[in-house]
Each structure stands twice: as structure tokens, then as C-alpha cells.
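The structure under discussion appears below in the form of C-alpha cells.
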Protein chains: 2
Amino acid sequence: MKVKIVDVAKEANVSVATVSRVVNNIPLVNEETRERVLAAIKRTGYKPNAIARSLKIQRTNTIGIMIPDITNPYYTEIVRGAEDVCGIYNYNIILTNTDFDPEKERKALNVLIEKQCDGIIYVGKDLSEEMQKELIDAPSEVVLGCIPDNSGFLSGVLINNELAAYELAIEILKMGHRKFLLFFDEVEEGYISQERKKGFLKAFKEQNVEFDASRTLYGKLGLTGGYHMMEQAINSGIDFTCVFCFNDQIALGAIRYAEEQGKKIPADISICGFNNFWIAEWTRPQITTVAQPMYDIGAIATRMLIKMCGKEEQAVKNVFVPHEVIIRGSVAPIES
Amino acid sequence: MKVKIVDVAKEANVSVATVSRVVNNIPLVNEETRERVLAAIKRTGYKPNAIARSLKIQRTNTIGIMIPDITNPYYTEIVRGAEDVCGIYNYNIILTNTDFDPEKERKALNVLIEKQCDGIIYVGKDLSEEMQKELIDAPSEVVLGCIPDNSGFLSGVLINNELAAYELAIEILKMGHRKFLLFFDEVEEGYISQERKKGFLKAFKEQNVEFDASRTLYGKLGLTGGYHMMEQAINSGIDFTCVFCFNDQIALGAIRYAEEQGKKIPADISICGFNNFWIAEWTRPQITTVAQPMYDIGAIATRMLIKMCGKEEQAVKNVFVPHEVIIRGSVAPIES
DNA sequence: CTAAAACAGAAAATCGTTTGCTTTAGCATG
DNA sequence: CATGCTAAAGCAAACGATTTTCTGTTTTAG
């Protein structure tokens, strides 16, 4: 049988209250008694039951993370950041994968609420209206990762995607490129896609670069997606010297197909990724990209969340973390 | 205020017992009453408190995963496999990163036990005696990932590392290579390292290949580790035509350094990895490696665990899952 | 030397469920 | 008519902690 607090109390000849005080380091207990209790705990091998404790104190020291897919290195980093901060404050993480599936999201949120998570981190590329409503109504504190709150009721931690895309484009334009393609996420209307596109278009407009809808290709995220988009691009016969990809995996897939077709990267085609997934500097060519501090996003979101779970009311707000444009070998200036 | 079961009971004019029965789909309740209760639940927005429920029924439907580092794609896959199976059986996952640190491991295990996880999956490259003892004594069910149980009290899901290494070596030997180097994990005495080394040595011995201790280099896992080990190897002036790396990241780092020194891979040096991390087929050259079904290891371990949490006593045992040697461009036959 | 303060520890209520045991009521049976 | 049976629903005792309140014992001050 599992040993519980009364067993320890009997063993030490004190009441359960006293044992509880010792366990929770509350003063008001005689040193000699404390010793006796500690000895009894050691002897019996008592481990407090966190479930019972949580029921009583109405706190679980658990935060739930809703993330599209832990398998995506981009999201993995966020989780690691969150977990590390949790470790510091004695919290734990319940992980759920949502695969961008609204049904899975609803279910996951429900479970996290029922399991009484003190806080919830929602990570995604977008936030549907229904989900937003559910998150606002949730009894737990909520922080969004990678997307902003626009309701005034939640908080978000993210980079400025529009600015990041703009700055990347400007760098590339400086190199003389004028004919661009965008390899984007299937989910066109997603928040992140929209922002990035705005940034690219702003830069194009400023530099009088022609760009129309036919120059954006949509496909699956991931290497295969990038591979196929490049296939489509080359086969379509459209003229381009540089491609902006939604992420580094797509860029890598695109590079692969282009090279298979005998194109030289970056001599014939320049390619940019996004996110600075760690592999980006170990490929050949290395990938030009925009670094997002994923680890920090997870860490900061968690820190905010834990603070919100504490006493004081915390102001809700969007926190923008810095990005960084990283020029590497996958782009080259246009010879003129 | 959060709505609880008594509120629903009042709203529906029934006892809490009846509400509980409706919520848990227990028959014995009149259809008309059930309707009324369901309506009351909807009206009040009642969500059962899983913590209270767990305390009462002594089950949390939660399993804990202890994993070295979620950031390592190898381990990530395991978690995803576990999470997917959990979804099917209405379980959730508490994730902990242990970084191969015994202290973190102890702490994590303790928390998982205190939070009353029904089961625990321990993933690592090795199992210290103390940890083994703690796991055996744990009140939760335990399954090991990637390492076997040798106590008879636990279960494990893993590949046969010795055989895998042996088969890989045999393939390479067939190509005429005779001068090998091993790039291994710093933690020499780890179970997995030992097994793999046994496999390689067995193959070498069978084919009368000379091999001594000086031909194994130890370094950090990861790309940088591989990079430095290759640096060391080349600078040492030792003669070799093929390197077996402990994992694909090391192989990738090694390739990078070799190429920077003007070596052609695989023409000058053949390099093998291990694990078939997904990037392995997207690099140039693609990496010869041994595929471990990481996702399946997580999924199978979880399935076993959940079964063990059920009624019947489950036999403990080690389950060996199939591996696959994958020959790719990073190795080439020796010209003779 | 006594009253009051300070302190240790015990008792008991509570957190939100589940569930074994009753109760109730309607109906059939001997 | 008393009894038994069954279905439906309620009562109340857990589950294992925390914490408020209360009690009894020492100090301490006047």
C-alpha cells in the first residue's frame, strides 16, 4: 500500500497537520519534532500526493502546451524553452499536438482545462475566432506563442513577421534581384503568412519590383513541399532569380529539386528560408534566413504565464522579440 | 466562480450522484433525467474537475516521459509516437527533459510519481543502477525506451543495437573498406555505445580487420562534436577510409569538416551515421545510416504502458523492433 | 505569584468527485 | 394484503492532502 500522510503522522507520533507543516517548510514546528517527522518520512518512504494537494490548494503547478507538431524543429525549440523555465519554478508541462486540426485543438484545450492546468500556451500560425473565444473563456491563464492577441484579453509572444520579411527582402533587393517567387504555406489566410507577405510586398513596392499573384506558390510545409513547389516553378517556365520560402525546410527541398535539375544554387537561383532552423548552417549551401528566437519565445511565454498564475494581476500584452536576418551562401548578388 | 457538479445537480434538480452517472455514461439513469442533466450541463458550462476525479478513482490518465532532450530529433519522434497513442486512449503526457543528468532524472522521476502518473516512460542511452532501482520501486508502471531491462522487473522497447551495428559494418566491409574509425559518444560505458561497439568489433574480427582502441574517438553528440572529432582524426595523421559515427548529426559534422579540408566524400572518406534522422536523405551526400523506428518505439512503449495500467497483470519483457541498414551516397566502395 | 502572551500541536472542515449502500416507488406475486 | 423485486435516484463516506480553529503547555511580564 502507498504510504500517506497519516502513516507518517503515526510513525512520528504527531498529527497530520504537523507532518504537512514539515513537508511544506512552514515554521511553527519545534526543531526536535521536525527531525522526528523527517526521520519518519525517510523511514516510510513517503511521497506527497500532488493530486490531493492540488485539489486542496486549487493549483496544479502544471501548464499545458498546445502545439501543432512537436516533430517540427521550430516548435520543438519552443517546448524546450518552456520546459526549462518550468523546471526553475517547479512547474510541469502537459504536451498536446494539434496538427492544425480545429477538432484536435478543441479537444486538447478541454482536457487541459479539465486537468486544471494553471496556464496554457497556445502555439500556431493563426487563431480562429472560435478558438480565440474559447481561450478567453478558459479558466486558466493563456499566452499565445508566435501569434499576437488582438482581443485585448490574452497575451502573445512573437516576432514582428512583417518587419522581418521586409528586412530580408531589402537585403536581397540590394543584391540586384528583381524577379521573385514566394513559396508559401497552403493555409493562405493564416496570420503569419499574411504578415510576411505584407512585408515582402512592401519592400517590392518600395523598390518598384513587379509582383503579382501568380508569383506566389502554395504548398505543404516541409521538405517535400518545397521540392514540389520548385518543381512546379521550374516547369511553369516563369522567370525568376530568387525565391523566398516560408521556412527553411521548404528552402531545403527547393534547393534539392533545383540542383537535381542541374541548376546551381546560388549562381542560377538564390533561395531564402525562414526561422533559422539549426540545420540551416550545416547544409551546402548554407541557407539565408531570418532567425526567430524560438527557445526564447517558449521561455518568455512560460515566464509570463507563471507570473500570471501568481498573486498579482498581470497586464496582458503582446511581447515582440527580436529577429535577425542572416545572409548565407544560398543567395548571391546578380551579376550585371 | 467555477461551476461544479453540485451546481449542475441543483440546476437539474437531481443529486450529484445522478449527474456523475450521466457524465460518466453509467446506465441506471432514466432517459428523461439524463436529458435534463445534459441540458443543465450545457446551460451551466460545467467541466468536470479531473483532479478531483483522479483523487477519487486513483487514476490520472497521465503518463510521464523522461527524455534526455526533446530538441534532439531522435527523441522528438519518440514523444510524438507516444503522444499519438495517448490520444487514442485518452491519456496525456507530462514531458520532462533530463539532459543525461542523474540529478535531473531523480527530480523528474519524483515529480512524475508525486503527480501520480499512471505510467512512466524512461528514455536514455543507459540506465544507472540507482535509477534502475528507483524505477523498479516506483508505484507507477514503467517502460524503458531504447534500452533493455535486465532486472526482470521492467520492460523495454528497442532495436538490437549490436546486430544493427554488425550488419552495417558487414555492408561496408563488402565494399572493401579495411581501415576504420569510430566516432563515439563521450559516455563510453553507456549501454548503447557498448552494444554498437560489440557489433562493429564482431564484424571486424570476422573479416580479420585490425582495430585497436586508438581507432575510437570520443566526443560530444551533435554536429559540432562530429566536426571536432573529424578535425582530431585528420590532424592525428592516422590512416582511415571509413568512419562509423554514433549518430547522423555527428556524421554530418564530420562530413562538413572533411569537406572544408578539401576531402571528397565519399571518394576520399566514407562516412556512416546512425538513426536515420530525417535530414539524412536531404543532405549532400545523403548519409548511409541505420534506421531505428523511433516513432514506433514511442508508440509501442506507450501501448504497453497503457495496457499495464489496465486490469490484468501484463508480462514484463523486452520488445525488439526492427532496424534497417540504409546505404546512401556517403559511402563508396574502395577502388582496388 | 498570577495573568497574559506565545507557541506546539491536534482536531476537523474542506477541495470536487465517485460509488457502495439505501431509500423510494411502482408493480407483480402468492 | 403482505411481500418481493426492480429500476431510479439519493446519501454519505471516501480519496489524501491543507489550513483554520482550537486546545494545552510554556514563557514572560508585572
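Throughout, a chain's letter reflects where its sequence line sits, starting with A, and its residues are numbered from 1. The model shown is predicted, which means the values in this text are computed figures rather than measured ones.
The A/Ala52 side chain lies nearest to D/dA17 when the options are D/dA17, C/dA12, C/dT19. Among D/dA9, C/dT18, C/dA10, the nucleotide with an atom closest to any side-chain atom of B/Thr18 is D/dA9. For B/Lys56, the listed nucleotide lying nearest its side chain is D/dA14; candidates were D/dA14, C/dC15, C/dA10. Nearest nucleotide to the side chain of A/Arg21, out of C/dG16, D/dA17, D/dT20: D/dT20.
In this structure, A/Ile57 places its CD1 atom 13 Å from P of C/dG16, rounding to the nearest Å. Between B/Leu55 atom CG and C/dT17 atom C1' the separation is 8 Å, expressed in whole Å. Here D/dA8 presents its P atom at 19 Å from CG of B/Asn13, a figure rounded to the nearest Å. The distance from atom CD of B/Glu32 to atom C1' of D/dA7 is 15 Å, rounded to the nearest whole Å.
The shortest distance between the side-chain N/O atoms of A/Ser20 and the OP1/OP2 oxygens of D/dA17 is not below 4.0 Å. A sub-4.0 Å separation between OP1 or OP2 of D/dA9 and a side-chain N or O of B/Ser15 is absent. Contact annotation: B/Ser54 side-chain N/O to C/dT17 OP1/OP2 distance is not under 4.0 Å. Under 4.0 angstrom from either OP1 or OP2 of C/dC7 there lies no side-chain N or O belonging to A/Asn30. Dashed line: the shortest gap from a side-chain N or O of B/Asn24 to OP1 or OP2 of C/dT18 is under 4.0 Å. For the OP1/OP2 pair of D/dG16 and a distance below 4.0 Å, the side-chain nitrogens and oxygens of B/Gln58 include at least one atom meeting the criterion. Applying the 4.0 Å criterion to OP1 and OP2 of C/dG9, one finds that A/Thr33 has a side-chain N or O inside that range.
In this structure, B/Arg106 pairs ionically with B/Glu103, as a charged nitrogen and a carboxylate oxygen lie closer than 4.0 Å.
The shortest non-hydrogen separation linking A/Ile93 to A/Cys86 is CG1-SG, 3.7 Å.
For NZ of A/Lys107, the number of neighbouring non-hydrogen atoms (other residues, nucleotides, ligands) closer than 6.0 Å is 12 at most. The number of heavy atoms from other shown groups lying within 6.0 Å of CZ (B/Phe153) does not exceed 12.
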